[in-house]
Asker: 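Attaching a single structure in structure tokens format; questions to follow.
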Amino acid sequence: MSYCRSEGKDGKDKIIFATAEDHATESTVKLPEPEESPGLILPNGEINWNCPCLGGMATGPCGVEFREAFSCFHVSEADPKGSDCIEAFATMQECMLKYPEIYDKKSEGRDGDDEEEDPMDKLAAESSASKTQNSDEKPAQQDAKKD
Amino acid sequence: MVVGGQIFQFGRALARTKECIRIFNLRKYDRGYLPAVRLYASSSSGGGKQDKSGSNEGSSTAKIIAGVAVTAATAALVYKSGIFEPSGPDTPKKVRKTAQPRVRTRPPVVKVPADAANIPSQVPYLLIGGGTASFAAFRAIKSRDPKAKVLVVTEEGHLPYMRPPLSKELWFNDDKEATKNLRFKQWNGKERSLFFEPEQFYCKVEELESRENGGVAVASGWKVERLDLAEKKAILAGGKEIQYEKCLIATGGKPKSLSVFEKASSEVKNRVTLFRGIDDFKELDEVASGAQSIVVVGGGFLGSELVCALAKKSKTMGNHPKIIQVYPEKGNMGKVLPEYLSQWTTNKVRHEGVEVVPEAFVTGVSQESGKLVLKLNNGETIKTDHAIVAVGLEPNTQLANTSGLEVHEELGGFLVNAELEARSNLWVAGDCACFFDIKLGRRRVEHHDHAVVSGRLAGENMTGAGKPYWHQSMFWSDLGPDVGYEAIGIVDATLPTVGVFAKATEADTPKAAVEASGEGDRAQAEMEAENAAPVKPATQEQAHGPKEGEDYGKGVIFYLRDDIVVGIVLWNVFNRMSVARQVIKEGKKFEDLNEVAKLFNIHGE
């Protein structure tokens with residue numbers, strides 16, 4: 001059985017020891033659904049460059065080249081998708097070779113959450129999927145998104 | 001139970017990783033970073049060291065001569081401690097090979113670029129200060145304005161770096177090289193650099209204007225003395241003027257000192273460190289490797305984390321320094337946690353091997369035979385090798401006087417509105433911002449996540465977003481293997497609180513998780529936990545009434561103001577911050593907080 005006691009000045013600090021049994025019953029409090037933060041693709045179909053999943057890719061020294069390549073890919077209707085964006089990707093690659101410390105994934109491997117896909121693969125997958133869908137982020141990631 | 005423990009450990013690691021990812025935006029960018037060629041920061045960033053001798057050769061020579069007169073005992077002690085191992089051909093410390101009192105010197109910060117002429121005379125985005133808030137701001141600016149040209153002007157001699165590992169992870173490195181390179185292991189076992197971005201990320205200050213796609217440049221060792229807000233100009237020490245479109249003040253703060261130390265001799269001051277940044281960390285790391293005893297003055301977040309980290313490190317060191325903590329409150333985190341929890345925490349800190357002296361403050365300090373002698377108000381005297389001062393932060397608001405900006409008398413910091421604006425085209429973020437929080441009222445927050453959240457918001461608003469402060473920042477602290485908590489909102493011990501606790505089973509502590517896995521390697525334990533199956537909420541057979549000394553293992557504590565929850569501490573309960581955030585957002589009176597507590601599933605994992 002859960003019980004309660006008071007401590008501190010004028011008993012201002014209440015302490016409740018709750019048993020698992022007590023907490024196993026459903027709470028009477030209902031909180032509203034957390035705000036859906038936009039994922040990689042915004043509701044209007046555009047790429048969310050603020051997405052934490054991109055890390056610093058869109059803001060680094062090759063950020064502009066990265067955006068151009070992926071925007072091209074995103075709207076590409078060619079088959080296979082993105083095959084009409086070779087030049088943009090080549091420009092991006094050329095830029096990234098100049099900054100191995102930042103962009104070279106072979107030497108250091110990937111840091112951070114291992115559950116995360118390569119943001120490039122993620123973008124490719126989501127871009128190919130219906131553009132009106134929100135990205136399929138894990139629930140915990142909702143916390144990670146801003147506004 | 002073993003599985004439960006591993007899941008707990010995994011849950012904690014996962015939650016912490018996710019928060020860290022969000023905070024640090026960890027992705028492909030976590031590359032190794034070697035220390036910049038810039039020399040270490042001088043007293044301007046460390047604070048309170050203005051009177052220490054400079055690095056020039058003249059004063060070092062004088063000290064050698066003076067030092068020869070020191071007693072043989074001191075000489076032997078100091079020499080034996082091994083701190084005079086050759087550290088490099090060019091470091092000033094090499095000069096101290098002969099026995100003499102330890103002289104703490106820091107080279108002055110080298111200005112980069114050296115010549116003001118190489119700093120652009122106009123720049124669209126000017127960020128004053130090169131810390132966490134500034135980093136978050138320039139990342140947000142570049143997100144929304146891809147070709148933005150951003151100039152960061154900082155007095156420090158370091159590129160933007162994060163502070164939390166300076167009192168936590170960096171002390172847990174097994175590899176000395178990693179510590180030297182300011183690299184540490186994260187919760188998921190992966191190593192990363194203290195610096196947010198490698199040097200390659202930034203463009204040279206002199207190239208900023210000509211880069212077609214813009215970039216971020218850092219001018220270090222430069223000080224902004226005044227802002228002419230009407231003209232939108234920043235004036236640097238030395239007279240250089242920079243015209244800006246949008247400006248951010250993110251000057252952070254400097255560690256507070258105590259008058260008893262301020263008035264002391266330089267002999268004493270050489271043995272005192274006001275702890276804040278990289279240079280203080282390096283100094284303490286070096287001191288610890290040779291010390292017999294270290295005293296930390298201060299019982300808040302920084303002080304408590306430092307003693308726990310030092311005590312843990314002490315166990316692995318040959319000289320096994322004694323770690324002592326002195327503070328005026330009744331218990332650790334006395335201003336943050338309700339008294340019962342503060343007492344429980346203090347016991348845990350003692351259990352880590354720290355000698356805790358609560359309800360005490362330093363009334364006098366002197367130097368005797370190479371040792372610091374601290375007199376306390378309770379009559380005790382402590383002889384120690386070094387003292388660390390962690391008694392709070394003084395926001396850097398010097399610009400207010402010179403530039404016509406408002407400062408909050410009580411809370412300190414520059415006054416800004418909910419959108420973080422101080423004046424037109426001028427924003428403030430991080431430790432030095434006293435802002436209006438729509439939910440919780442006017443406040444100033446000195447935590448890492450707040451620096452990220454507010455820096456990001458300022459950056460977004462500098463590019464036209466016009467958003468108010470909305471997303472509540474959180475903070476966390478680890479005090480040894482048994483105490484880890486995350487918190488959000490206003491967490492003030494003077495507020496009435498309601499704490500809901502479940503008894504922690506033995507298997508739920510991180511330490512237990514490691515022992516259960518049969519390995520001393522936490523990373524290994526985490527990896528095993530990842531592969532284990534998820535566990536359902538605890539059933540009745542696991543729960544039983546609290547026993548003496550085992551009361552507060554896991555739980556959630558609500559802080560109330562006028563019966564509304566304004567702050568929440570998640571006590572050894574992880575992965576629930578999103579629920580806590582929502583509860584605060586609701587901002588209403590709850591009839592029964594035990595019902596709210598159920599939402600946190602404190603018994604489960």
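By convention in this document, chain letters (A, B, ...) are assigned in the order of the sequence lines, proteins followed by strands, and residues within each chain are numbered from 1. As a basis for the values below, the full set of heavy atoms in this structure was taken, side chains included, without hydrogen atoms, waters or symmetry mates.
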Asker: With respect to chain A, which residue among B/Asn213, B/Val583, B/Ile557 yields the maximal number of heavy-atom pairs within a distance under 4.5 Å?
Answerer: B/Asn213

Asker: Verify the ring-centre separation between B/Phe201 and A/Tyr99: is it less than 6.0 angstrom?
Answerer: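 Distance test on ring centres: not under 6.0 Å, no.
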
Asker: Donor-acceptor pair, distance only, cut-off 3.5 Å: does the side chain of B/Arg192 make one with the backbone of B/Gln186?
Answerer: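 Pair absent, no side-chain N/O of B/Arg192 close to backbone of B/Gln186.
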
Asker: How about B/Thr497 and A/Asp13: does a side-chain donor come under 3.5 Å of a side-chain acceptor?
Answerer: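 There is such a pair between these side chains.
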
Asker: With a 4.5 angstrom heavy-atom cut-off, is it the side chain or the backbone of B/Phe590 that approaches chain A, or both, or neither?
Answerer: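 When you check distances to chain A, only side chain atoms of B/Phe590 fall under 4.5 Å.
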
Asker: Ignoring hydrogens and angles, tell me if any N or O in the side chain of A/Tyr103 forms a donor-acceptor pair with the backbone of A/Cys62 under 3.5 Å.
Answerer: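 Such a contact is found between A/Tyr103 side chain and A/Cys62 backbone.
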
Asker: Who among B/Asn594, B/Val498, B/Val596, B/Ile141 has the most heavy-atom pairs with chain A under 4.5 Å?
Answerer: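 Maximum pair count with chain A is reached by B/Asn594.
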
Asker: Under a plain distance cut-off of 3.5 Å, with no hydrogens placed, do B/Lys598 and A/Thr25 share a side-chain donor-acceptor pair?
Answerer: yes

Asker: Do any N or O atoms from the side chain of B/Arg576 and from the backbone of B/Asn601 form a donor-acceptor pair under 3.5 angstrom?
Answerer: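 It does hold such a pair.
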
Asker: Pick from B/Arg211, B/Glu591, B/Glu339: which one has the most heavy-atom pairs with chain A under 4.5 Å?
Answerer: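 Of the candidates given, the most pairs with chain A belong to B/Arg211.
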
Asker: Does any heavy atom of chain B fall under 4.5 Å from the side chain of A/Lys98, the backbone, both, or neither of them?
Answerer: backbone

Asker: Could you look at A/Asp10 and say if it's the side chain, the backbone, both or neither that has a heavy atom under 4.5 Å from chain B?
Answerer: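 Neither part.
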
Asker: Heavy-atom distance under 4.5 Å to chain A: side chain of B/Ala597, backbone, both or neither?
Answerer: both

Asker: When you check the side-chain N and O atoms of A/Thr28 and B/Glu595, is any donor under 3.5 Å from an acceptor?
Answerer: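 A/Thr28 vs B/Glu595: donor-acceptor pair found between side chains.
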
Asker: Heavy-atom cut-off 4.5 Å, strictly under: side chain, backbone, both or neither for B/Leu593 against chain A?
Answerer: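 Neither the backbone nor the side chain of B/Leu593 comes within 4.5 Å of chain A.
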
Asker: Based on non-hydrogen pairs under 4.5 Å, which of B/Val216, B/Leu341, B/Leu495, B/Asp592 is most in contact with chain A?
Answerer: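 Of the options given, most contacts go to B/Leu495.
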
